[in-house]
Amino acid sequence: MTDRRNIDANRVVDHCRMMWRIRAFEENALRGLDEKIVLGAIHPTIGQEAIATGICANLNRDDVLLSTHRGHGHTLAKGANPEAMMRELFGKEGGNCGGKGGSMHIADFGVGMLGANGVVSANIVIAAGAGHAIKLKGEKKVVCCIFGDGAINRGPFLEGLNWAVVFNLPVLFVCEDNGFAATTRTKTMTGGDGPSARARSFGLQAKEIDGNDVMAVDETAREMIDAIRNGGGPRFLHAHTYRLTGHTGSDPATYRPKEEVEEKWKDDPIVRASALVDGQKDAIEKAKAEAYAEMSRAFDVAKAASFPSADLAFTDVQDAGDPRQGAY
Amino acid sequence: MTDRRNIDANRVVDHCRMMWRIRAFEENALRGLDEKIVLGAIHPTIGQEAIATGICANLNRDDVLLSTHRGHGHTLAKGANPEAMMRELFGKEGGNCGGKGGSMHIADFGVGMLGANGVVSANIVIAAGAGHAIKLKGEKKVVCCIFGDGAINRGPFLEGLNWAVVFNLPVLFVCEDNGFAATTRTKTMTGGDGPSARARSFGLQAKEIDGNDVMAVDETAREMIDAIRNGGGPRFLHAHTYRLTGHTGSDPATYRPKEEVEEKWKDDPIVRASALVDGQKDAIEKAKAEAYAEMSRAFDVAKAASFPSADLAFTDVQDAGDPRQGAY
Amino acid sequence: MAIMTYADAAKAGLAEEMRRDPHVWAVGEDLGRGGVFGQYGGMLAEFGPERISDAPISEACIMGAAVGAAMMGTRPVVEMRFSDFALCAIDELVNQAAKARYMFGGQARVPLVVREPIGMWRSSAAQHSQSLESWYTHIPGLVVVCPSSPADNKGLLKTAIRSDDPVVYMEHKGLWPVEGEVPEGDHLVPFGKANVLREGRDVTIVSWSAQVHLCMKAAEQLAKDGIEAEVIDLRTLWPWDKDRVLASVEKTGRLIVAQEAVSVSGFGAEIAATVSETLHGALKAPVKRLGAPRIPVSYAPPLEDKARVTADQIAAAATALVGR
Amino acid sequence: MAIMTYADAAKAGLAEEMRRDPHVWAVGEDLGRGGVFGQYGGMLAEFGPERISDAPISEACIMGAAVGAAMMGTRPVVEMRFSDFALCAIDELVNQAAKARYMFGGQARVPLVVREPIGMWRSSAAQHSQSLESWYTHIPGLVVVCPSSPADNKGLLKTAIRSDDPVVYMEHKGLWPVEGEVPEGDHLVPFGKANVLREGRDVTIVSWSAQVHLCMKAAEQLAKDGIEAEVIDLRTLWPWDKDRVLASVEKTGRLIVAQEAVSVSGFGAEIAATVSETLHGALKAPVKRLGAPRIPVSYAPPLEDKARVTADQIAAAATALVGR
Ligand SMILES: Cc1ncc(C[n+]2csc(CCOP(=O)(O)OP(=O)(O)O)c2C)c(N)n1
Ligand SMILES: Cc1ncc(C[n+]2csc(CCOP(=O)(O)OP(=O)(O)O)c2C)c(N)n1
Ligand SMILES: [Mg+2]
Ligand SMILES: [Mg+2]
């Protein structure tokens, strides 16, 4: 639990700003879903904003982030432009991926965000490889790989973590533990003592923290990222949180009692962070208002934008060969 | 280290008999390789006989065993007929798999030996499933799954062990740790504290033992198999041993110093077991002689046997469809 | 006959087989909650959590465990959620399930059914839209099933469950809500028997899975122009009903193979090559293959649509073949 | 020209690229000891363990790490040991490497080379003998290379390493010791250019990888009977040199496609379908496909041989086509 006495009030306000931006982005994305202009599935990060925020505050622009299907928050926190993201969700021209990816493949290589991923756990081995390249090139960058608690039951979790240890790679692995894998309580499908215990058994230093305490995330991430950047090898951060929405934007999440969700709303990470700094109420309110204005603008611009031109379907496949050969 | 005072001398002799049978089988298989009548690669188990022997002594005929590419010893210890095995290695009629499998796919379903496997770690998830079927059918059988120390870096190790814990399945997982994965010292490629630590982190009870001490293997296996059979869920046995030959029958294993191998020959599990029971020297010598005679006979019979008839290539593919359709 | 959706028909088929044979069980992520598409909805209540079993996110272990459980005398039906995720379990399917019986010289049987929902849905993009049926037709030991209607989805699923071979069972995500008549009782559809959905003298159109419906639409358009297309739904790709296809092409002299999958090395190539070779002399026009370009599936509709083979394209190809 | 083995030629090509570009590195199990077939023998000494890197037995991570390392500006060459084991890394190859550039709208490049030794060797049985090249030709984003000679194995490997696309690079296990002339200097063989190994007027024989050598043997037999076969080695299957094949068949009017892989849904079907469609009128005989039956590969020689397409079969098929 963060100690209020030595708190950096400006940093808290900055975190609140980022968390509100994520929250506002997600709410606008959900609005897009309602209006049927978000075209595929989206996986909201409402309630989980503190992890993206606390971690990315400690990453440089040229550090690298790999995310999951639930990647909007991470992407924003890494510095991506929300308008381009909203365009991508709406499948519009000017989306980060030109409309080819959508929510589950959101990426912004310009800010080191190397992609969400539609395959659970797949980002873990890719992250290990990104770290491998950094080491080979002698760079000082850090890779951060965020995944859910469901991902730790797939093989790439073991293979990627082992790899990072064996090659002593600069990778921070973050398990964003919201207690659920889709409609299933993850604990019922996970043997043993969970993510950190497993990570330790593979040789990583690991810490388990309250992921709804943004300052705790910030501090732990800072320590770990510093150690990693100084050649200390991979680290593992297990952050507890709760998904306040359904698994997807259209999941009513009837598999959990209303009371549980109501109780968890009291643990809203933004409310908690705000409570740390009484004197900053106005600054935080202002940041919130700006965040909603920004995301509502992003929504409007994206909504008004055009779909990409159909021939772009044939670009960026690969250099060799004609993708139209034999078609239709 | 086995305590010589309470030893069951007959059991030691039985173990020596089995270990000599395995040793003699392997030496004859290597002879077959020299004579070029073993057709594909073989992976000898010389030096590792105590694990197969100590474990299988505690399995019933209708218990189930899954093995690896290095599976001759396990298969013999589970009760398979060495003549049929030798025929299989020579690709002859009457081989356990009718010549379709060879060494890496040796299997004898009649004695519960559900197959060696050419893919490292693949047997682990299959074993979990075999245990699942036993549980679903309400049977009292136990599954034993043996794999090498190299296998613990592949994903199925995590997935299969986790599965067995989650469903509380009757599976004994055995890591036969000979220190090498092909030409590589496994430790250099393995993060953390190794097999047992990983297994514990997935929620299994685990024990690490001297796998060249046949009575220690026997005793630990008995305890674990009893617990498993009584519904105690999966267990993990990590047994240290050493591969006294090359990785394959034709590998000179120049990647390790001669002195190391010489030193390890002093730890020969058969010699060690024999030393436990001074009064049984003759019985053991007799068992040894019988073993060599038996395997030499198996060699001769298999050598003299015919190759299977070529049309059998088209049988046992699948019930549906014509496997010849469109061929040649 | 009852009217049922494609999803409900499969559910009815699975439930019947589970009632008939206590060794049939289903396993996959979130099955207890009914599955991603509701295709297991309500089954937990009847069969309990051991037989409608949730699984960890562990496709490799779901598939691998099914191999072991099948070898030990049960009949697992495994759910891969999206066929794309089955790519996390390919070793278990191709190197283990498909080969076990053969490698072990007939000692093993691996009676498992892998349900792999395929195809484009709504803006699901490159990792949730693939149709890789041709891959599995290339693998000895596997049966490949692609039902296009509720009746077939019941009858083929029941046959698949009773099969002693491993079956890759590919339901199309776009078909779940489609309704149709389903025969009452123990309705079984055999492997390797195509369904002639429409007879015609001018051109044969062969297809499978959701694409069949576009072929029927094309055939209706063609009929208005006086072109009578014979539409054949293969239903199963291995084995596939070569005799029925050849008989039809002998009659019509013209063949179109239409598939949703990428055209290059799609199963359409196998059919086209086989028919071209066998009926070379009888063909009035070259066999025409229609399939997707060699591009991943996009999210944005105009791009996604470029990966679709439309009814209009099928009709146009038929018109060109017939030479009107 | 120097005489080199297929293995040494690849090694020379890799070493040249590693000297040229410090971001090229190789990773796989036991590479430091030279690789299973000696194809990396001695390279550790020159390039050190960071660039000739051993790996844990972790095919999924070898492949996945290569994807990440490629996206971050290095050029990994990954060794899968046997193509069969690449099945443990299919998600990483097909869902990640192949699609990243497209899914991310062109932001990513994934310049990796996956070396996957294919084919039958000596009694290696069902899990160490597969030829699944047709699978990869079906996947948008992948390049597929199947060199048949030492010269090509050097020149194509160098091209593959310089390619910005992920390349599935399939060397045939039976070819490692085969010797041949290899041009000196910076020998590059482009993708998509077939090699006409022998010109002829009577029949075109298209093949790739080790099967090419059997086609040449067949062509020699045929020549004795006065049948002049044109033998084309495709070298790369995606892209494949359609123009060259069509030009040849236009000349000969007859085509045989010979492959070691299972015939059903093998790449031969793609070629046969394409040529049958494009040159329907010009074909003097139906296109003949030769490939393995749909059986796993056995261990015992008489059974294993049933999975082989022989030079005699190729010659017989050609004779039948030509009608003598
Ligand atoms: C390999 C694979 N299996 C299944 C899925 C389907 N799926 C998407 S998200 C999800 C749950 C993931 O849970 P977790 O990792 O905890 O992430 P969360 O959604 O809670 O953020 C599942 C099963 C998938 N995308 N990939
Ligand atoms: C998935 C896979 N990768 C690589 C191989 C090649 N291979 C065969 S045995 C072996 C070493 C296995 O080491 P270990 O598991 O320790 O077993 P051991 O040989 O020592 O008994 C390797 C890498 C394989 N068979 N399967
Ligand atoms: Mg979760
Ligand atoms: Mg070992």
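Every chain is numbered from 1, with letters handed out A, B, ... down the list of sequences.
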Exercise: identify the closest heavy-atom pair between [X] and [Y]:
X        : Y        : answer
D:Ala300 : B:Pro308 : CB-CG, 3.9 Å
B:Ala310 : D:Pro302 : CB-O, 3.8 Å
D:Ser263 : B:Gly326 : OG-O, 2.8 Å
B:Gly101 : D:Ala125 : O-CB, 3.5 Å
D:Pro293 : B:Pro323 : CB-O, 3.3 Å

Strictly by modelled atom types, are B:Thr184 and D:Asp30 linked by a side-chain donor-acceptor pair under 3.5 Å? yes
Counting neighbours of CG on B:Asp193 that are heavy atoms of other residues, nucleotides or ligands and sit closer than 6.0 Å, is the number greater than 12? no
Proximal component of [X], with respect to chain B [non-hydrogen, under 4.5 Å]:
X        : answer
D:Arg122 : both
D:Cys88  : both
D:Ala292 : backbone
D:Ala55  : backbone

Interatomic spacing from [atom1] in [X] to [atom2] in [Y] - rounded to 0.5 Å:
X        : Y        : atom1 : atom2 : answer
D:Ile57  : B:Thr186 : CD1   : OG1   : 7.0 Å
D:Glu59  : B:Arg154 : CD    : CZ    : 5.5 Å
D:Ser298 : B:Lys100 : OG    : NZ    : 6.0 Å
B:Tyr328 : D:Asp312 : OH    : CG    : 13.0 Å

Top contributor to chain D contacts, counting heavy-atom pairs under 4.5 Å, from [options]:
options                                : answer
B:Ala41, B:Gly95, B:Gly91              : B:Gly91
B:Asn153, B:Val119, B:Asn117           : B:Asn153
B:Thr183, B:Asp311, B:Asp322, B:Ile152 : B:Thr183

By side chain to side chain donor-acceptor pair (under 3.5 Å), which residues pair with D:Thr137, not counting sequence neighbours? C:Ser265
Chain D heavy atoms under 4.5 Å from [X]: which part of the residue, side chain, backbone, both or neither?
X        : result
B:Gln318 : side chain
B:Asp251 : neither
B:Val120 : side chain

Indicate yes or no: at least one non-hydrogen side-chain atom of [X] is less than 4.5 angstrom from one of [Y].
X        : Y        : answer
B:His105 : D:Gln127 : yes
D:Pro301 : B:Leu39  : yes
B:Phe314 : D:Lys306 : yes
D:Pro56  : B:Thr190 : no
D:Leu303 : B:Leu312 : yes
B:Met189 : D:Glu29  : no

Working note: D:Ile295 + B:Arg324, criterion side-chain contact (heavy atoms from CB on, under 4.5 Å); need CA distance, chi angles, decisive distance, verdict. CA-CA 8 Å; D:Ile295 57 175; B:Arg324 286 182 164 94; over 6 Å; no
Among D:Val36, D:Asp54, D:Val264, which residue forms the greatest number of heavy-atom pairs with chain B at distances under 4.5 Å? D:Asp54
Backbone N/O of B:Leu89 and side chain of D:Tyr299: donor-acceptor pair under 3.5 Å: yes
